[in-house]
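Structure first, commentary second.
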Amino acid sequence: AKMEIATEEPLNPIKPDIKDGKLRYVANIFPYKGYIWNYGALPQTWEDPRQKDKNTNCCGDDDPVDVCEIGSKVLSCGEVIHVKILGTLALIDQGETDWKLIAINVNDPEASKFHDIDDVKKYRPGYLEATLNWLRLYKVPEGKPENKFAFNGEFKNKAFALEVIKSAHECWKALLMKK
């Protein structure tokens, strides 16, 4: 079953994603089974649905910024880890900006080799292409169209990703202050 952070509930528990009274599932996108990375979110970030992103010209998706953690260990649901940010991809989901951070667990045995998005290309050839393909197609089994991307699907580097995080953190702080 697909799990989601219940952002409208106190303490934001992680719960099964239910739509129209039915559990939602992560689709298998051939040749992959389920997610191809550990999928989570960066705390204290928010993609504001009322604010146009200066890079994508689309408003945010009303969620924390998503993280695709590429380490070698399969993590448990709800596990909290410290990650090293490597880059980002701007998914445009039904007209909303849905940033996907690419990161690696700082405690991964290979983390010392990864410093920026080009290191993913170097040490995990084909992984970013697989990520782009998976994110493009994952809603097709539900009868929805393929997802689109800003920047023609180009992954942006660490410096760019850190600016995305900074902006989303400012949005989160403003949300807390009800600005």
Side-chain angles (χ1 to χ4, degrees), residues 1-5 14-42 45 47 55-56 58 61 63-158 160-161 164-165:
K2 188 172 184 270
M3 304 298 282
E4 288 283 337
I5 299 170
I14 298 171
K15 299 175 78 169
D17 189 2
I18 298 174
K19 188 172 186 176
D20 300 324
K22 296 179 182 175
L23 279 176
R24 293 180 69 200
Y25 292 89
V26 178
N28 292 327
I29 303 299
F30 183 80
Y32 313 105
K33 293 248 184 209
Y35 292 124
I36 63 173
W37 0 251
N38 292 301
Y39 194 55
L42 201 62
T45 61
E47 295 175 288
N55 297 294
T56 66
C58 295
D61 71 349
D63 280 326
V65 178
D66 297 323
V67 179
C68 302
E69 191 278 323
I70 66 167
S72 56
K73 179 183 175 193
V74 175
L75 301 171
S76 300
C77 182
E79 193 168 342
V80 177
I81 62 167
H82 183 185
V83 296
K84 185 189 303 186
I85 302 298
L86 304 173
T88 192
L89 177 68
L91 174 69
I92 306 300
D93 186 356
Q94 299 175 10
E96 298 175 332
T97 302
D98 187 6
W99 289 104
K100 306 296 181 187
L101 296 172
I102 307 301
I104 190 164
N105 186 338
V106 297
N107 294 317
D108 190 88
E110 294 188 318
S112 64
K113 296 188 327 190
F114 292 86
H115 305 287
D116 211 318
I117 201 69
D118 287 338
D119 294 322
V120 181
K121 295 172 189 170
K122 180 178 179 180
Y123 296 112
R124 302 264 168 87
Y127 203 84
L128 295 178
E129 293 82 355
T131 294
L132 185 70
N133 195 47
W134 195 97
L135 289 168
R136 183 173 53 83
L137 296 172
Y138 81 99
K139 290 190 175 181
V140 171
E142 299 173 14
K144 294 181 181 176
E146 292 182 3
N147 280 318
K148 305 287 185 217
F149 302 90
F151 314 110
N152 295 317
E154 176 191 342
F155 286 83
K156 295 297 190 178
N157 67 15
K158 178 180 184 167
F160 190 101
V164 167
I165 294 166

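Basis for what follows: all heavy atoms, side chains included, without hydrogens, waters or symmetry-related copies.
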task = May I ask you to test the T45-P64 pair for a side-chain heavy-atom distance under 4.5 Å?
result = yes

request  = Output the distance between atom CZ (F30) and atom CG (N133), rounded to the nearest 0.5 Å.
outcome  = 11.5 Å

ask   = Are any side-chain N or O atoms of R124 and backbone N or O atoms of I70, one a donor and one an acceptor, separated by less than 3.5 Å?
value = yes

Closest non-hydrogen atom pair between Y138 and A27, with its separation = O-CB, 4.0 Å

query = Can you list the residues that meet the ring-ring contact (aromatic ring centres under 6.0 Å, His included) rule with F155, with sequence neighbours excluded?
reply = none

message = One thing to verify: whether K113 and E110 come together as a salt bridge, which I'm taking to mean a side-chain N less than 4.0 angstrom from a carboxylate O.
response = yes

message = Show the nearest heavy-atom pair for residues L75 and N38, with the distance to one decimal.
response = N-OD1, 2.9 Å

message = Nearest 0.5 Å, please: how far is OG in S72 from CD1 in I104?
response = 7.0 Å

inquiry  = To the nearest 0.5 Å, what is the distance between CD1 on I92 and CH2 on W99?
reply    = 7.5 Å

ask   = How about D98 and E47: do any of their side-chain heavy atoms sit closer than 4.5 Å?
value = yes

task = Could you check if a side-chain atom of I102 sits within less than 4.5 angstrom of a side-chain atom of Y127, using non-hydrogen atoms only?
result = no

request  = Go through the side-chain N and O atoms of K2 and Y35 and say whether any donor and acceptor fall under 3.5 Å apart.
outcome  = no

query = Any salt bridge between D66 and K100, counting N to O under 4.0 Å?
reply = yes

message = Quick check on side chain to side chain donor-acceptor pair (under 3.5 Å): which of D61, T56, N55 does T97 satisfy it with?
response = T56

task = Flag the pair R24 and E142 as a salt bridge only when some basic side-chain nitrogen lies within less than 4.0 angstrom of an acidic carboxylate oxygen.
result = yes

key: Parallel, tilted or perpendicular, as decided by the 30° and 60° cut-offs, for the rings of F160 and F151   = perpendicular

Residues forming a side-chain hydrogen bond (donor to acceptor under 3.5 Å, both in side chains) with E79, sequence neighbours excluded = none

task = Check V67 against A103 and note the closest heavy-atom contact, atom names and distance.
result = CG1-CB, 3.9 Å

inquiry  = Determine whether a donor-acceptor pair (N or O, by modelled atom type, separation under 3.5 Å) exists between the side chain of E69 and the backbone of N105.
reply    = yes

inquiry  = Could you tell me if the side chain of L132 sits less than 4.5 Å from the side chain of L89, heavy atoms only?
reply    = yes

request  = Report yes if the side chains of I117 and K156 come closer than 4.5 Å at any heavy-atom pair, otherwise no.
outcome  = no

task = Locate the shortest heavy-atom distance separating W134 from G34; write the atom from each residue and the value.
result = NE1-O, 3.1 Å

query = Distance-only, no hydrogens or angles: does the N147 side chain make a donor-acceptor pair with backbone N or O of D93 under 3.5 Å?
reply = no

task = Calculate, to the nearest 0.5 Å, the distance between atoms CG and SG belonging to L91 and C58 respectively.
result = 10.0 Å

ask   = Is any side-chain heavy atom of D118 closer than 4.5 Å to a side-chain heavy atom of N157?
value = no

request  = For L101 and A161, work out which heavy atoms get closest and say how close.
outcome  = CD2-CB, 4.0 Å

ask   = Quick one: NZ on K139 to CD on E146, what's the gap to the nearest 0.5 Å?
value = 13.0 Å

inquiry  = Check this for me, if you would: do K122 and D119 make a salt bridge, where the nitrogen-to-carboxylate-oxygen distance has to be below 4.0 angstrom?
reply    = no

key: Validation row: N28, P141 side chains within 4.5 angstrom (heavy atoms)   = no

query = To the nearest 0.5 Å, how far apart are NZ in K84 and NZ in K158?
reply = 6.5 Å

